[in-house]
Visitor: 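Next up is a structure, given as structure tokens.
These numbers were taken from a predicted model, which means no experiment stands behind them.
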2 protein chains.
Amino acid sequence: MAKSFHEYKNPSLAVDLVIFGYHDNTLSVLLLNRKEEPFKDCWTLPGGFLQMEETFLGTCSRILKTKTGMDDVYLEQLYSFDGLGRDPRGRVIAVGYYALINPARFNIIAGSMANDVKWFDVHKMPKLGFDHQDIFQLALQRLKSKILYDPVGFELLDELFTITELHELYECILETTIDRRNFRRKILDAEYVINTGTKREGLQNRHPELYKFNKKLKKNSFQINVNVS
Amino acid sequence: MAKSFHEYKNPSLAVDLVIFGYHDNTLSVLLLNRKEEPFKDCWTLPGGFLQMEETFLGTCSRILKTKTGMDDVYLEQLYSFDGLGRDPRGRVIAVGYYALINPARFNIIAGSMANDVKWFDVHKMPKLGFDHQDIFQLALQRLKSKILYDPVGFELLDELFTITELHELYECILETTIDRRNFRRKILDAEYVINTGTKREGLQNRHPELYKFNKKLKKNSFQINVNVS
DNA sequence: TTACTTCACGTCAAAATGACGTAAACAAAT
DNA sequence: ATTTGTTTACGTCATTTTGACGTGAAGTAA
């Protein structure tokens with residue numbers, strides 16, 4: 001190993017997670033109430049320091065498992081944050097990741113950390129510690145642009161879903177109205193989804209057909225348009 | 001400061017640059033021939049370690065200035081690389097940035113590092129040290145998708161340029177043919193460029209009009225379409 | 001003048017989009 | 001059994017955008 005290579009002082013390296021969940025027509029983010037300084041009793045994004053022999057995704061999994069009890073979720077690197085004053089303890093670089101999960105798959109509230117971990121509507125966020133407000137904002141913006149051309153929305157829904165449910169998800173995330181009939185046409189023409197032949201039973205009105213995500217979909221084969229007027 | 005916060009061993013943090021330049025209808029990347037181990041005599045992306053009080057962009061500027069003599073260039077964060085074996089000296093995280101420059105603004109070749117620094121056609125790249133092949137590939141892919149909806153192409157051209165020059169740039173980067181008349185229509189309809197009223201003189205044939213980038217352009221107001229058949 | 005090339009602007013059929021209409025399917029109330 | 005109210009599924013159609021080309025004007029060199 002080269003001389004004095006590791007004798008330089010290095011910044012610490014943290015991974016911070018923006019965990020999105022969708023439920024009841026609401027897009028939420030999972031926050032953690034810190035028990036230690038700095039930002040004791042403040043809400044923050046779940047995060048942790050990178051271990052020497054760990055990949056980013058390894059750190060993500062460890063954080064998800066230990067702090068929220070979740071595993072096997074969609075993860076994507078967001079951005080790396082280098083603000084000099086972002087952590088009062090010293091120089092800490094944060095690599096931001098965002099996760100998309102279906103809250104129905106997990107049972108966050110019932111854990112031992114009942115009061116420490118909580119879902120927050122993205123429109124009703126508390127003040128966040130560190131620079132986590134910036135990280136959250138960027139993640140939300142990324143999600144909004146991403147669902148327009150990439151089928152990440154499915155990560156937030158059940159495996160089987162109706163077109164209406166998918167439509168509501170898009171309207172919720174994009175915070176706009178999208179014509180229901182044109183949306184259906186786009187989704188179906190692009191072969192974005194596959195009709196399973198089954199229907200969702202037990203609803204008030206006409207039983208809608210259940211679809212699943214078309215995993216053989218070729219990349220960049222579709223584009224949702226939104227009036228940004 | 002909290003107890004033992006900086007006593008953990010931290011990975012080193014490097015910044016690696018993919019510097020794109022466009023000249024003579026060729027997209028090139030600036031590479032550095034390493035003088036030290038590891039990867040001595042190998043071509044690599046210019047890079048350097050993040051100093052404790054430095055931002056990523058600060059490191060980028062320092063690398064650009066000391067290793068290539070350039071300053072004031074377009075820079076954008078690409079991705080962070082965490083491969084466990086990416087540096088034989090130990091654990092090094094790399095934050096990748098890419099730069100878009102107009103080589104005409106600088107004089108790389110004539111520096112003291114004449115043999116150390118060289119432009120390579122993106123199609124004629126040598127074998128690269130570290131995981132720099134991956135970083136380069138991702139940067140190229142990012143550039144290709146970015147110019148379709150964001151006017152970054154202008155960073156590679158002179159301040160004044162003709163529609164034909166812009167058209168050739170797009171064809172070069174996207175490695176495809178784009179109908180010249182439809183391209184012109186798209187660019188003009190989107191008010192992507194402003195006609196300066198002047199013409200480029202001294203050419204063989206009809207003197208084309210010179211345009212400049214419309215800096216008041218609203219984001220996401222245009223989309224170049226390419227046949228990916 | 002002629003020849004040749006590039007530039008600037010048009011044309012037009014086909015495809016995509018945006019804005020709606022409406023009948024069928026279902027549960028609950030009458 | 002019929003009606004009512006709602007959601008789902010599938011259309012229609014005018015307008016806009018796209019893709020594929022045509023062509024005259026501007027310029028240089030022969």
Visitor: Within this structure, what is the CG-to-C1' distance between B:N195 and C:dC9, rounded to whole angstrom?
Guide: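 Distance check: B:N195 CG to C:dC9 C1' gives 14 Å.
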Visitor: Taking the side chain as every heavy atom from C-beta outward, state whether A:I135 and A:Y79 have any pair of such atoms under 4.5 Å apart.
Guide: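 Contact flag for A:I135/A:Y79 side chains = no.
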Visitor: Check this for me: does any side-chain nitrogen of one of A:K216 and A:E191 sit under 4.0 Å from a carboxylate oxygen of the other?
Guide: no
Visitor: Less than 4.5 Å apart, any side-chain heavy atom of B:F154 and any of B:Y192?
Guide: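 Side-chain contact under 4.5 Å: yes.
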Visitor: Any side-chain N or O of A:H207 below 4.0 angstrom from OP1/OP2 of C:dA27?
Guide: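 Yes, A:H207 has a side-chain N/O under 4.0 Å of OP1/OP2 on C:dA27.
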Visitor: Regarding A:L203, tell me which of base, sugar-phosphate or nothing describes its non-hydrogen contacts under 4.0 Å with the strands shown.
Guide: sugar-phosphate
Visitor: How many whole angstroms separate atom CG of B:D179 from atom P of C:dA8?
Guide: 15 Å
Visitor: Let me know the distance between CD of A:Q204 and P of D:dT4, rounded to the nearest Å.
Guide: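 Atom CD in A:Q204 sits about 19 Å away from atom P in D:dT4.
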Visitor: For the side chain of B:R185 and the base of C:dG10, is some donor closer than 3.5 Å to an acceptor across the two?
Guide: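 Per atom types, no contact qualifies.
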Visitor: Looking across every strand, which nucleic acid part, if any, lies under 4.0 Å from A:T162 by heavy atom: base, sugar-phosphate, or nothing?
Guide: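 It contacts nothing in the nucleic acid.
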Visitor: Report the residue from B:L30, B:L17, B:I101 that forms a side chain to side chain contact (heavy atoms under 4.5 Å, CB included) with B:T68.
Guide: B:L30
Visitor: Rounded to whole angstrom units, what separation is found between the CD1 atom of A:I178 and the P atom of C:dT17?
Guide: 13 Å
Visitor: Are the side chains of B:V193 and B:L188 in touch, meaning some heavy atoms are under 4.5 Å apart?
Guide: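 They are in side-chain contact.
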Visitor: A:Y211 has an atom OH; how far is it from atom P of D:dT8, in whole Å?
Guide: 11 Å
Visitor: Without decimals, in angstroms, what is the distance between A:R200 CZ and D:dA9 P?
Guide: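 The answer, rounded to whole Å, is 12 Å.
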Visitor: Between C:dA16 atom P and A:D189 atom CG, what is the distance in whole Å?
Guide: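 Rounding to the nearest Å, CG of A:D189 and P of C:dA16 are 8 Å apart.
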Visitor: Please confirm whether the shortest side-chain N or O distance from A:R184 to OP1 or OP2 of D:dA9 is below 4.0 Å.
Guide: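 It does, given that an N or O in the side chain of A:R184 lies less than 4.0 Å from OP1 or OP2 of D:dA9.
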Visitor: Regarding D:dG22, can its base be found pairing with the side chain of B:R181 as donor and acceptor, where the two atoms are less than 3.5 Å apart?
Guide: yes
Visitor: More 5' along DNA chain C: B:R206 or A:N205, using each one's nearest nucleotide?
Guide: B:R206
Visitor: Rounded to whole angstrom units, what separation is found between the CD1 atom of B:I163 and the P atom of C:dC7?
Guide: 10 Å
Visitor: Is A:N182 near enough to C:dT17 that one of its side-chain N or O atoms lies under 4.0 angstrom from OP1 or OP2?
Guide: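 No, A:N182 has no side-chain N/O under 4.0 Å of OP1/OP2 on C:dT17.
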